[in-house]
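Each chain gets a letter, A, B and so on, in the order the sequences are listed, and its residues count up from 1.
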Amino acid sequence: MKISSIRGWHWHVVLCGAVLIQLWPLFFMLSTSFKSMDEIFQSTLNPIPAVPVMNNYLYVLKNFPLVQYIFNTFFIAGIIAASKIITSILAAFAFVYYEFSHKEKLFNALLLTFFIPITVVMVPNYLLLSRLGVLNTPWGVILPQLADAMGIFLIRQAMRAIPRPLIEAGKLENAGAWVMLTRIILPLIKPSVIAMGIVFFINSWNDYFWPLLVLQDKSRYTLPLALQMFISAEGGSEWGIAMAVAVLTSLPPLLLYLSCQRFIIHTFMQSGVKG
Amino acid sequence: MNLEEAEIRMASHKAQDQGEQILSNDAYIQYAAMIKNAAKHWRRTFCEAGSIWQPVVFLTPATLVLFVFAYWPLLQDVWLSFHLWNMISPAMKFVGLQNYFQLVTSAEFIKIITNTVLYIVVLLLVNFLLPYLLSFMMAHLLKRFSFFYRSALFAPSTVSLAVASILFLWIFNPLAGPLSILLSAVGLESPRWFKEPVLVVIVIGLIIGWKVFGYNLILLLSAMVDVPKELIEAARIENASDWQLFRYIIVPMTSSTALYVFVITIVFGLQYVLVPVNMLTQGGPDQGSTNLVYIVYQYGFVFFQTGKAAAFAILSMVIYALFLMLKTKVLDKKVHYEN
């Protein structure tokens, strides 16, 4: 008993070290964003600002179209998450409740797109979007991300967990496909659909690379993209301001995570998610 | 024809026995009633032999998007890689395999491959080995606080890589950053992390590591807790050491998930590198932080040599395909198992 408790204590130290490494940068980001310029350089390591100031946030609010950035990010992430959910539900429904030839082959082909690297799609998709005339618009970011292979996979798994008798009953009653889907299946898989929507939203909110390729006008930037402006060639010195924008960018995902972490961890556990 | 209430109850009990506690008994009955009502209003046959158009309609949106934006580019890359083009001019010159030859014989090719391998080593250490060991600790060596550790360690995974990049640029700042202060406290001088050839790869690997660590950890943790408790207890009774427990029970029992995480660490890790490299180094110093993924961006959107970018893209796809084959096999097995 004694030995095992000592042994446990040993592992707790290791894990607390890991927690410190993982969480300290986040706290550091938060505290720096509330420090004045002097304090940032004179008491860098101080975890809590001696005199918390809002200057950094006010500066960003005054000199940058911050509300516009937040709206842009929200718009793009919202539409992508909603669309991924809808297209995934429809496709998963077809895969679970219909029989047709080459079903497995099609499913595998769709699933495989999850692993096609961004290097492959980068140039051709850019050219396609430019031909469609949607470069430098939110739609250029949204269009390639309207569907998601992992979404289809996970919703298919959720649908398969629905007890068969419920579905058989629907068939016997001659319920139409749309009724089956919206009245019977969706209410049953609602929790996983919502969790997945949140995960999709977080991933699109955080996305940096595709917006970087598509959006050129500063007024169209998303928050992660706007961060890039606060890095000067020499490594920058306006750290308080940069950290303030970083905090604002991280806040929605972190709050979503804190408010429903069980759901989110569960969804992440089942999947591999890019971004 | 209606389903008997008893039958529904039975189904519900069965589902609950299997741990699928989706609904209470009453809710099951309620749903059965709903089905009846719905059917009264809607008499179209579900899944009738002639209704092939129905799955087609449901599948079209996702299939269209994924084929147009994932498979079509693959074909287009092959075509582009045989041409000389700057993305803007209307003239496109066919040059056969010239892009590929120039690519493998260039001096930077060795550098790109070396960097890529170095990235893979760092990523495997931070995002595979470390979470593997820690998830074992959390699942089998600790009795308490496992939930707290999981939540805390996962938090950075919800933060954008752009945020991580700018945050660590400040943390690693060699003049005034917190790390340099800590280093000078013990009498060391901070290196210029983002300007030194090998260091820059390690630091960028660590930035990715910070973000992805928690995600890989929970993937591995889910496999760790699935190892039957009886096995662990039996081993404990036999006085097996922690190491023996790990080596002879945990490693074999978690191998398929471990392999999956191993592969995604490499496949996705190299893609994540795009963000910090683009924000912090643009591939520098002297191409010291570029890799097989970032080079495609450089050729495509910085040097405007579309043909070469496509050739690099095809090359990366070939290398990835080896991992993907491994991965698909594992995933198929998992899917099969879950059914």
Under 3.5 Å, side chain of [X] to main-chain N/O of [Y], donor-acceptor pair present?
X: B:Q271; Y: A:I118; answer: yes
X: A:T222; Y: A:T73; answer: no
X: A:Y257; Y: B:S151; answer: yes
X: A:Q22; Y: B:P156; answer: no
X: B:S157; Y: B:Y215; answer: yes
X: A:K84; Y: A:L146; answer: no

**Asked** Quick one: what part of A:I202 sits under 4.5 Å from any heavy atom of chain B, side chain, backbone, both or neither?
**Response** side chain
**Prompt:** Which bit of A:I89 comes within less than 4.5 Å of chain B, counting heavy atoms only: side chain, backbone, both or neither?
**Reply:**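 Neither part.
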Among [options], single out the residue with the greatest number of heavy-atom pairs under 4.5 Å to chain B.
options: A:V14, A:V123, A:L15, A:T249; result: A:L15
options: A:L110, A:L212, A:V121, A:N125; result: A:N125
options: A:P224, A:A91, A:P253, A:P144; result: A:P144
options: A:S88, A:A149, A:A109; result: A:A109
options: A:M29, A:M122, A:Q145; result: A:M122
options: A:S250, A:P25, A:C16, A:A18; result: A:P25

**Asked** Hey, is NZ on A:K190 packed in by over 12 heavy atoms from elsewhere, all under 6.0 Å?
**Response** no
What residue, out of [options], has the most heavy-atom pairs lying under 4.5 Å from chain A?
options: B:Q76, B:M87, B:M138, B:M279; value: B:M279
options: B:V267, B:L270, B:L221, B:I181; value: B:I181
options: B:Y294, B:F154, B:Y320; value: B:F154
options: B:F147, B:F67, B:F148; value: B:F147
options: B:V293, B:L175, B:L280; value: B:V293

Side-chain atoms of residues 163-171 of chain B: list all donor-acceptor pairs with protein atoms under 3.5 Å, sequence neighbours left out, distances to 0.1 Å.
unit_1 : atom_1 : unit_2 : atom_2 : d
B:S165 : OG     : B:L161 : O      : 2.7

**Message:** Pair B:T265, B:N216 - check side-chain hydrogen bond (donor to acceptor under 3.5 Å, both in side chains), show working.
**Reply:** CA-CA 8 Å; B:T265 298; B:N216 285 1; 3.2 Å; yes
